[in-house]
Number of protein chains: 2
Amino acid sequence: MTISKKSASVHQVEPDDKEPTSVAGLALENRLGYALRRAQLTVFKHFNEAMQAYEIRPAQFSSLVVIEGYPGITQTNLAKILDIDPPRIVSLINHLEERGLALRVRCKRDKRSHGIFLSKKGEALTEQLKALAEQSDIQATQSLSEIERRQLLSLLVKIYAPDTADE
Amino acid sequence: MTISKKSASVHQVEPDDKEPTSVAGLALENRLGYALRRAQLTVFKHFNEAMQAYEIRPAQFSSLVVIEGYPGITQTNLAKILDIDPPRIVSLINHLEERGLALRVRCKRDKRSHGIFLSKKGEALTEQLKALAEQSDIQATQSLSEIERRQLLSLLVKIYAPDTADE
DNA sequence: CGCATATAGTTATAGTTGTTAACTAGATAG
DNA sequence: CTATCTAGTTAACAACTATAACTATATGCG
């Protein structure tokens, strides 16, 4: 294997002279996937700190909000909406049920499926968490104006759900 | 545990009547963290498909690009730039080294550290992959105009690297 | 009816990733 | 020369992802 002299001359020849600390100037800076991942990690870090006291993880929060909006939703539909695999839903709902936040109700018409509902406790918590999550979003994006934040949101929706993005 | 009648009346009382398929209208639709994650998954899916033939994962691609830009960079600095933990870097570089794409060179001044360089083969591949990644970005964001794509990128950089975002 | 097929939920399993602690070799400060 | 620090590594473990297979129920059709 031969070391490339060409690339070696781009910035430095001896190892570790410049102590680079960012991807500024690299091709990576223009990659959407990279930027999305880094931004997501940043926002999630804030979110997790905010939710730490409640021991709620991102997927659990999403589930609570969807169940709140569609009480009685089946696990299959919840999986479809959140785009996660059915097996993940099982342990997710188990956990919420163990904590007394949600419960399964066997559906009379189709005894294979369960409707999922929030308990009073789950509903109260969800209300609290939604407010917390909004604050967390704002804290994580201090460098953005409210307008930019809305712009960003609308661009992201266009990517992951181009059909439902408002036209 | 009591089922909340209030939330149960928001959309439906019986399980699974409406077969909801999106988060439209829910609080989730306005959560940046959720939107970022979903958008990231969408873009990564395209990326992984594009890279499948080369068996390159996102973190490997990022590493290749950074090493190309900073030949001789130490593993510690690579870890800092990409914000991943040092132990992850080890297996990452091991893999690149096994495939003959990169190599460690023991630094003479500090024999603890290694400078990492691309091989000719690694450099050639990186050039190819950068072009592929750009195409993949565009494919994954068909619903965005070129201007929107640039807007998005700039907003994301402001979030994960507010210091380096152009002022 | 009775058979074949499909679906909801679950369980088990394995591969991947992320995190932490601890170890080794070499560097550095007093 | 000793104590402390740092780069890299290894190992252990939790978390997440993806897949396959199983159970119970439902549905379509001859």
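Side-chain atoms are counted along with the backbone in the values below, which use heavy atoms only and exclude waters and symmetry mates. In what follows, every chain begins at residue 1, and chains take the letters A, B, ... in the order their sequences are listed.
When the side-chain nitrogen and oxygen atoms of B:R88 are compared with OP1 and OP2 of C:dG18, one or more of them lie within a distance under 4.0 Å. Under 4.0 angstrom from either OP1 or OP2 of C:dG26 there lies no side-chain N or O belonging to B:S113.
The CG atom of B:D83 sits 13 Å away from the C1' atom of C:dT19 (whole-angstrom rounding). Straight-line distance from the CG atom of A:N94 to the C1' atom of C:dA12: 14 Å, rounded to whole Å. Between B:L92 atom CG and C:dT16 atom P there is a gap of 13 Å when expressed in whole angstrom units. The interatomic distance linking B:E55 (CD) with C:dT16 (C1') rounds to 15 Å, in whole Å. Rounded to whole Å, the distance from CG on A:L78 to P on C:dA8 is 13 Å. Between the CZ atom of A:R106 and the C1' atom of C:dT7 there is a distance of 13 Å, given to the nearest Å. Straight-line distance from the CG atom of A:D85 to the P atom of C:dT13: 19 Å, rounded to whole Å. Distance A:N48 CG to C:dT19 P: 10 Å, rounded to the nearest Å.
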Legend entry - Worked check of salt bridge (charged side-chain N to carboxylate O under 4.0 Å, His left out) between B:E148 and A:K158: CA-CA 10 Å; B:E148 288 177 318; A:K158 276 193 185 178; 2.7 Å; yes

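A:R57 comes within contact range of the sugar-phosphate backbone alone, with a heavy-atom separation under 4.0 Å but no base atom that close.
Checked against a 6.0 Å centroid threshold, the rings of B:F61 and A:Y34 do not count as neighbours.
Heavy-atom contacts from other residues, nucleotides or ligands closer than 6.0 Å to CD of A:E146 number more than 12. For B:E29, the CD atom is densely surrounded, since the number of other residues' heavy atoms within 6.0 Å is greater than 12.
In 5' to 3' order, the nucleotides of DNA chain D bounding all contacts with chain B (an atom under 4.0 Å from a heavy atom) are D:dT6 to D:dT17.
Nearest-nucleotide positions on DNA chain C place A:R104 closer to the 5' end than the other of B:D110 and A:R104. In terms of position on DNA chain D, the residue among A:I84 and A:R112 whose nearest nucleotide sits closer to the 5' end is A:I84. Judged by closest nucleotide on DNA chain D, B:P87 is the one of A:P58 and B:P87 placed further toward the 5' end.
The shortest heavy-atom contact between A:L118 and A:E123 is CD1-CA, 3.9 Å.
A 4.5 Å side-chain heavy-atom check between A:D83 and A:Y160 finds every atom pair outside the cut-off.
Hydrophobic clustering, with ILVMFWY side chains joined whenever heavy atoms are under 4.5 angstrom apart, groups A:L26 together with B:I93.
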